[in-house]
Amino acid sequence: VQLQASGGGSVQAGGSLRLSCAAPARFFSNYALGWFRQSPGKEREFVAAVNWRGTGTFYAESVKGRFTISRAKNKNSVHLQMNTLTPEDTAVYYCAAHSRRYYDGSDYDRGDFSSWGQGTLVTVSS
């Protein structure tokens, strides 16, 4: 089962976007969920994650204080609120599920995630 990201678009620097990811609870309620992004010519990088309980959130340094990840109470979706966007945030954003059930750690590496969706493009103009 793949996750489905949506909500991307074009915005000017300083603007905001909210990304959503459909993650059916019957498949993903017991898994940490994360957001990653990939810019042209660069490797896919970690952006943010929320643990399977929905009580712990983790961020890349580059987005701390600007992005907020949240998990719906019914655990059917995860969102990424992105504020104060800069051109460096331009990328295709992907959501994914951690491969380990009930993972409660604080380390989130790209290789630990699976069920990647198609991604949604975010373009920030200066």
Side-chain angles (χ1 to χ4, degrees):
V1 178
Q2 288 187 323
L3 302 175
Q4 187 62 48
S6 62
S10 297
V11 65
Q12 288 193 327
S16 299
L17 280 174
R18 179 177 169 85
L19 304 184
S20 295
C21 176
R26 66 185 183 277
F27 296 117
F28 298 107
S29 63
N30 298 323
Y31 294 88
L33 299 175
W35 286 95
F36 293 76
R37 66 186 181 187
Q38 187 167 17
S39 304
K42 294 186 177 181
E43 291 191 353
R44 193 170 298 186
E45 63 175 1
F46 170 76
V47 175
V50 56
N51 65 10
W52 72 275
R53 303 173 195 270
T55 57
T57 56
F58 307 89
Y59 299 93
E61 286 296 324
S62 59
V63 307
K64 271 184 183 177
R66 301 188 298 123
F67 290 12
T68 303
I69 189 171
S70 61
R71 193 160 190 164
K73 287 187 177 180
N74 63 11
K75 289 196 170 182
N76 276 328
S77 59
V78 62
H79 306 279
L80 186 69
Q81 177 66 42
M82 306 186 297
N83 298 328
T84 320
L85 286 162
T86 74
E88 287 69 36
D89 295 316
T90 295
V92 177
Y93 284 71
Y94 301 87
C95 58
H98 200 280
S99 299
R100 281 176 53 189
R101 209 171 175 185
Y102 306 125
Y103 179 72
D104 262 339
S106 58
D107 294 323
Y108 291 91
D109 185 82
R110 182 185 63 190
D112 296 326
F113 283 77
S114 59
S115 302
W116 297 91
Q118 288 188 333
T120 185
L121 176 62
V122 172
T123 303
V124 184
S125 57
S126 58

Can you establish whether the number of heavy atoms outside N74 located under 6.0 Å from its atom CG is more than 12? yes
Apply side chain to side chain contact (heavy atoms under 4.5 Å, CB included) to V78 and L3, showing your working. CA-CA 10 Å; V78 62; L3 302 175; over 6 Å; no
Could you check R37 against V63 for side chain to side chain contact (heavy atoms under 4.5 Å, CB included), going step by step and ending with a plain yes or no? CA-CA 12 Å; R37 66 186 181 187; V63 307; 4.0 Å; yes
Looking at N30 and R101, would you say the former's side chain and the latter's main chain have a donor-acceptor pair under 3.5 Å? no
Does the separation of the ring centres of F113 and F46 fall below 6.0 angstrom? no
Hey, do the aromatic rings of W116 and F36 have their centres closer than 6.0 Å? yes
Intermediate values then yes/no, side chain to side chain contact (heavy atoms under 4.5 Å, CB included), Y59 and T68: CA-CA 8 Å; Y59 299 93; T68 303; 3.8 Å; yes
Any side-chain donor-acceptor pair under 3.5 Å between S16 and N83? yes
What's the spacing between [X] [atom1] and [Y] [atom2] if we round to 0.5 Å?
X	Y	atom1	atom2	value
R71	T55	CZ	OG1	10.0 Å
S39	R44	OG	CZ	11.5 Å
S99	D109	OG	CG	10.5 Å
L85	T90	CG	OG1	8.5 Å

Is there a side chain to side chain contact (heavy atoms under 4.5 Å, CB included) between D89 and R66? Walk through the geometry before answering. CA-CA 11 Å; D89 295 316; R66 301 188 298 123; 2.7 Å; yes
With the side chain counted from C-beta on, respond yes when [X] and [Y] share a heavy-atom pair under 4.5 Å apart, and no when they do not.
X	Y	answer
V92	Y94	yes
P87	S126	yes
L17	F67	no

In one Ile/Leu/Val/Met/Phe/Trp/Tyr side-chain cluster, 4.5 Å: [X], [Y]:
X	Y	value
L33	L19	yes
Y103	F58	yes
Y31	V50	no
M82	V11	yes

Check each of S115, C21, C95 against F28 using the side-chain contact (heavy atoms from CB on, under 4.5 Å) test, and report the only one that passes.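 So, applying the side-chain contact (heavy atoms from CB on, under 4.5 Å) to F28 and each of S115, C21, C95, only S115 qualifies.
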Electrostatic pair R53:D104 at N-O distance under 4.0 angstrom: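 Here R53 pairs with D104 in a salt bridge, since their nearest N and O are under 4.0 Å apart.
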Any salt bridge linking R110 with E45? Criterion: basic side-chain nitrogen under 4.0 Å from a carboxylate oxygen. no
Compare every heavy atom of K42 with every heavy atom of Q38, then report the nearest pair and how far apart it is.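 Of all heavy-atom pairs spanning Q38 and K42, the closest is NE2-O, 3.1 Å.
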Smallest separation among heavy atoms of A48 and L80, with atom names: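 Of all heavy-atom pairs spanning A48 and L80, the closest is CB-CD1, 4.1 Å.
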